[in-house]
2 protein chains.
Amino acid sequence: MSQLSESTEMYLKAMVELGLNEIVSISRLAERLGVTPVSANEMVRRLGDQGLLTHTPYKGVALTKKGREAACNVVRRQRLWEVFLYEHLHIEWAKLYELACSLEHATAPELTEALATFLGDPKFCPRGNPIPAVDGSFLPLNGKTLSATQVGETLKVLAVNATATDVLKYLQERNVLPGRELTVLEAAPLQGPLTLKVGDKDVALGLSLAEFVIVK
Amino acid sequence: MSQLSESTEMYLKAMVELGLNEIVSISRLAERLGVTPVSANEMVRRLGDQGLLTHTPYKGVALTKKGREAACNVVRRQRLWEVFLYEHLHIEWAKLYELACSLEHATAPELTEALATFLGDPKFCPRGNPIPAVDGSFLPLNGKTLSATQVGETLKVLAVNATATDVLKYLQERNVLPGRELTVLEAAPLQGPLTLKVGDKDVALGLSLAEFVIVK
DNA sequence: TGGAATAATAAGGTTTACCATAACATTTTA
DNA sequence: TAAAATGTTATGGTAAACCTTATTATTCCA
């Protein structure tokens, strides 16, 4: 199993975050990674050459079996570090992803497993997302995105799927965090924002933000 | 203060490991870093442009004040991670440097200080080397290299200054580790190896290896 | 003091992962 | 079904940090 480059790991991670079994368009992938579609196209070809994913022109990109395994491994490292940073170093919730991301790239397999043991083999990261086991399996989240809910529903936040620090900060400041309850008060028309009741505060949340929030 | 590249950090670290106030020849630097002297020359010019070190042609390289500060910071991160890996993840002693090295490059300042606090602000790494404080100060080792000792002396190992995993493994297997006592039984002529008594075993140690061992 | 060893510089090459611009292909939608 | 939107490919360019080979400069030592 060859070593993956940092960039490769980012692409794999993005594929998991956009849905492990989804077919993802190159433009969506590019947007998530903050690169141009042309660059993403190039890179996808390279990952394809390595057998990590398949690209059907004009349709999108999907992970292969090999890619899915590699990706779960990367995500495992990422989320284990998030747990360590949160629980032991008391790093601010919104910064966890970014800081753990750098460490992830620098983590040898033997280190990953030692870390997992140290942490007590946690099953979820502080953002509420499952941590894949060594074999790639993980506990699924039985939820839906907040953007797909009805007005009036009271829901519990299961996980936040965002990664950008500013997005996470926004949610943190409004208490849209795993474990919290919220009620959907209103959905503005024409793809407008949702109005939520979180605790005793009203929170306005754009639909694209609401897609990052998994609730039940 | 701009972010330093991984390569820059390696050069700075090497400068500290070869002696914080020494003038180091480019070839020695190149050897330590496993690059050709031509490459080291190029890179030294770049670090010189950044004001991190000064190069006197045909003499050698020295850290500037700015370079020394940056270097101590890098070394601080490196050695804090070594402590974490050793004490909490129980990683094998000989592998600490290499594994901590990767993590070091990926560590933001806020992370470094959170880690230091978590570890209880340790003053020495598991190889016995001092951990610089935030301000760059550190407790000096009042020792000498094992290669500069007399036959018959009984000494205590203060630190091991090596970084290559195979060198560290060699020393680990022979119990030449910080805290251990040893006696110099013999020094072979013509730069030949030392024979040591470590515990109840005799150990042969080449002079260049002995230079990595700081004793008192 | 002259030759060997060491050091520096010059020139050109490699890889990875991006970028921009432009041209062309396909799909969507109006 | 045609135009707009989206996706793909081609071409050429950048930066960092290495590499090799060759030439030139300096220092060391006998």
Side-chain angles (χ1 to χ4, degrees), chain A residues 2-15 18 22-62 67 70-71 74 101-102 104-106 163-164 190-191 208, chain B residues 1-15 18 22-62 67 70-71 74 101-102 104-106 164 190-191 208:
Chain A
S2 57
Q3 261 288 73
L4 306 171
S5 77
E6 191 161 322
S7 190
T8 299
E9 293 186 338
M10 289 308 292
Y11 277 77
L12 293 178
K13 227 192 283 182
M15 286 299 296
L18 292 171
E22 301 287 306
I23 291 175
V24 178
S25 76
I26 288 209
S27 49
R28 230 174 124 217
L29 199 52
E31 199 196 348
R32 179 85 173 192
L33 291 164
V35 301
T36 63
V38 177
S39 298
N41 222 298
E42 253 180 79
M43 197 61 193
V44 161
R45 187 181 40 69
R46 265 174 242 164
L47 298 221
D49 292 347
Q50 289 176 70
L52 295 168
L53 43 78
T54 51
H55 176 211
T56 315
Y58 299 101
K59 299 298 175 206
V61 180
V74 173
C101 183
S102 316
E104 175 270 297
H105 299 305
T163 58
L190 296 172
Q191 315 278 36
S208 41
Chain B
M1 197 68 60
S2 55
Q3 262 286 72
L4 306 171
S5 76
E6 190 161 324
S7 188
T8 298
E9 293 186 338
M10 289 307 291
Y11 277 76
L12 292 178
K13 225 192 285 183
M15 286 299 294
L18 292 171
E22 301 287 307
I23 292 175
V24 178
S25 75
I26 288 209
S27 49
R28 215 150 88 88
L29 199 52
E31 198 197 350
R32 179 85 173 195
L33 291 163
V35 301
T36 63
V38 177
S39 299
N41 222 298
E42 251 180 83
M43 196 60 192
V44 160
R45 187 180 42 67
R46 263 174 246 166
L47 297 221
D49 292 346
Q50 289 177 70
L52 296 169
L53 42 77
T54 53
H55 177 212
T56 314
Y58 300 103
K59 298 297 176 205
V61 179
V74 174
C101 184
S102 317
E104 174 271 299
H105 299 305
L190 297 171
Q191 316 278 36
S208 42

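Both backbone and side-chain heavy atoms feed into the values below; hydrogens, waters and symmetry mates do not. Convention: sequence-line order gives letters A, B, ...; per-chain numbering from 1.
- Side-chain contact between Thr56(B) and Ile23(B): absent, with no pair of heavy atoms (C-beta onward) separated by less than 4.5 Å.
- Scanning for side-chain hydrogen bond (donor to acceptor under 3.5 Å, both in side chains) contacts around Ser102(B) gives an empty result, with sequence neighbours left out.
- Nucleotides of DNA chain C with any atom under 4.0 Å from a heavy atom of chain B span, from 5' to 3', dA7(C) to dA10(C).
- Nearer to the 5' terminus of DNA chain C, by closest-nucleotide assignment, is the contact made by Asn41(B) (compared with the other of Met43(A) and Asn41(B)).
- Contact check, Arg46(B) against dA16(D): no side-chain N or O comes under 4.0 Å of OP1 or OP2.
- One distance of note links CG of Leu52(B) with OH of Tyr11(B); it measures 13.0 Å at 0.5 Å rounding.
- The CD1-P distance, from Ile23(A) to dG7(D), rounds to 14 Å in whole Å.
- Atom CD in Glu9(B) sits about 11 Å away from atom P in dA17(D), given to the nearest Å.
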Distance-only donor-acceptor pairs under 3.5 Å for side chains of residues 26-37 of chain A, two or more places apart:
unit_1, atom_1, unit_2, atom_2, d
Ser27(A), OG, Ser25(A), OG, 3.2
Arg32(A), NH2, Glu17(A), OE1, 3.1
Arg32(A), NH2, Asn161(A), O, 3.2
Thr36(A), OG1, Ser39(A), N, 3.2
Thr36(A), OG1, Ser39(A), OG, 3.0

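- Within the structure, salt bridge (Lys or Arg N to Asp or Glu O under 4.0 Å) pairs that include any residue of residues 4-13 of chain B comprise Glu9(B)-Arg77(B), Lys13(B)-Glu104(B) (at least two apart or interchain).
- Applying the side-chain hydrogen bond (donor to acceptor under 3.5 Å, both in side chains) criterion to Ser208(B), with sequence neighbours excluded, gives no partner residue.
- Here Thr8(B) pairs with Ser5(B) under the side-chain hydrogen bond (donor to acceptor under 3.5 Å, both in side chains) rule; sequence neighbours left out.
- Of all the residues in residues 52-61 of chain B, His55(B), Pro57(B), Tyr58(B) reach under 4.0 Å from DNA chain C with at least one non-hydrogen atom.
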Q | Test log, rule side chain to side chain contact (heavy atoms under 4.5 Å, CB included), inputs Thr54(A) and Val61(A) | A | CA-CA 6 Å; Thr54(A) 51; Val61(A) 180; over 6 Å; no
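- Annotation: the span from Ser7(A) atom OG to Leu47(A) atom CG amounts to 7.5 Å, rounded to 0.5 Å.
- Considering only side-chain N and O atoms, Tyr11(B) lies under 4.0 angstrom from the phosphate OP1 or OP2 of dC18(D).
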Taking N or O atoms only and anything under 3.5 Å, show me the protein contacts with nucleotides 19-22 of chain D, one pair per line.
unit_1, atom_1, unit_2, atom_2, d
dC19(D), OP1, Thr36(B), N, 3.4
dC19(D), OP2, Thr36(B), N, 3.2
dC19(D), OP2, Thr36(B), OG1, 3.0
dC19(D), OP2, Ser39(B), OG, 2.1
dC19(D), N4, Glu42(B), OE2, 3.0

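- When side chains are defined from C-beta on, Leu12(B) counts as touching Leu4(B), because their heavy atoms get closer than 4.5 Å.
- Five base pairs at each end of the helix from dT1(C)-dA30(D) to dA30(C)-dT1(D) define two local axes, and these are offset by 10° (rounded to 10°).
- Using a 4.5 Å heavy-atom cutoff, the side chains of Met10(A) and His105(A) are in contact.
- Partners of Arg46(B) according to the side-chain hydrogen bond (donor to acceptor under 3.5 Å, both in side chains) rule, which considers only residues two or more places apart in sequence or in another chain, are Glu42(B).
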